[in-house]
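Both counts, for ligands and for their atoms, begin at 1 and track the order of listing.
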Amino acid sequence: GVDTLMRIPPSMLKKHNRRDDAWSAFHGKVYNITPYLAFHPGGERELMRVAGRDGTQLFASTHAWVNADFMLDACLVGFLVPEPSV
Ligand code: HEM
């Protein structure tokens with residue numbers, strides 16, 4: 001449920017950049033894209049380009065018409081937040 005979602009700064013997102021542990025942010029939402037990699041019509045390699053980072057721009061430039069929020073709803077991990085200042 002929504003109460004189990006995390007607040008994820010870029011430094012945390014960055015750590016999830018491996019095939020078997022890949023997160024990416026789209027429009028402020030962070031998704032675990034690992035389960036979707038094998039199903040991506042554009043291929044695993046293309047999708048892995050956004051692993052560990054904000055994929056909003058690359059996503060918009062490839063297929064802005066695709067509803068990623070709907071497709072990846074079950075893979076939602078949390079929300080991208082600014083890096084906390086020390
Ligand atoms: C194709 C989903 C991220 C590159 C597609 C298609 C879907 C899809 C549904 C088929 C679209 C169609 O035929 O109209 C997703 C989802 C993503 C994602 C849910 C986010 C998790 C990305 C990213 C890139 C990318 C980040 C580029 C770095 C492509 C390319 C195609 C494609 C190049 C065209 C494949 C072809 O027609 O040969 N994607 N995509 N996708 N995607 Fe993605």
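Listed by atom number, the atoms of ligand 1 under 4.0 Å from Thr62 heavy atoms are 4 (C), 24 (C), 25 (C), 27 (C). Near Trp65, with a cut-off below 4.0 Å to any heavy atom, the atoms of ligand 1 are 14 (O). Below 4.0 Å from some heavy atom of Leu72 lie the following atoms of ligand 1, by number and element: 21 (C). Annotation for ligand 1: atoms under 4.0 Å from non-hydrogen atoms of Val50 are 26 (C).
Leu76 and Lys29 make their closest contact through CD1-CB, 3.7 Å (heavy atoms, listed as atom of the first residue, atom of the second, distance). When all heavy atoms of Arg18 and Thr34 are compared, the closest pair comes out as O-OG1, 4.3 Å. In this structure, Ser24 and Val50 approach most closely via the heavy-atom pair OG-O, 3.0 Å.
As for His63, its N/O/S atom nearest atom 43 (Fe) of ligand 1 is the one called NE2. The N, O or S atom of His40 with the smallest distance to atom 43 (Fe) of ligand 1 is NE2.
The aromatic rings of His63 and Phe59 lie perpendicular to each other, with more than 60° between the two planes, well past the 30° mark.
Of the candidates Ser24, Gly42, Pro41, Gly55, Gly42 brings a heavy atom nearest to atom 30 (C) of ligand 1. Checking Arg45, Glu46, Gln57, Met71 against atom 27 (C) of ligand 1, the nearest heavy atom belongs to Glu46.
At under 3.5 Å, not a single nitrogen or oxygen of Arg49, backbone or side chain, sits near a nitrogen or oxygen of ligand 1.
Checked by atom type, the side-chain pair Tyr31/Asp73 shows no donor-acceptor distance below 3.5 Å.
Proximity of Tyr31 to ligand 1, defined as any heavy-atom pair under 4.0 Å, is not found for any part of the residue.
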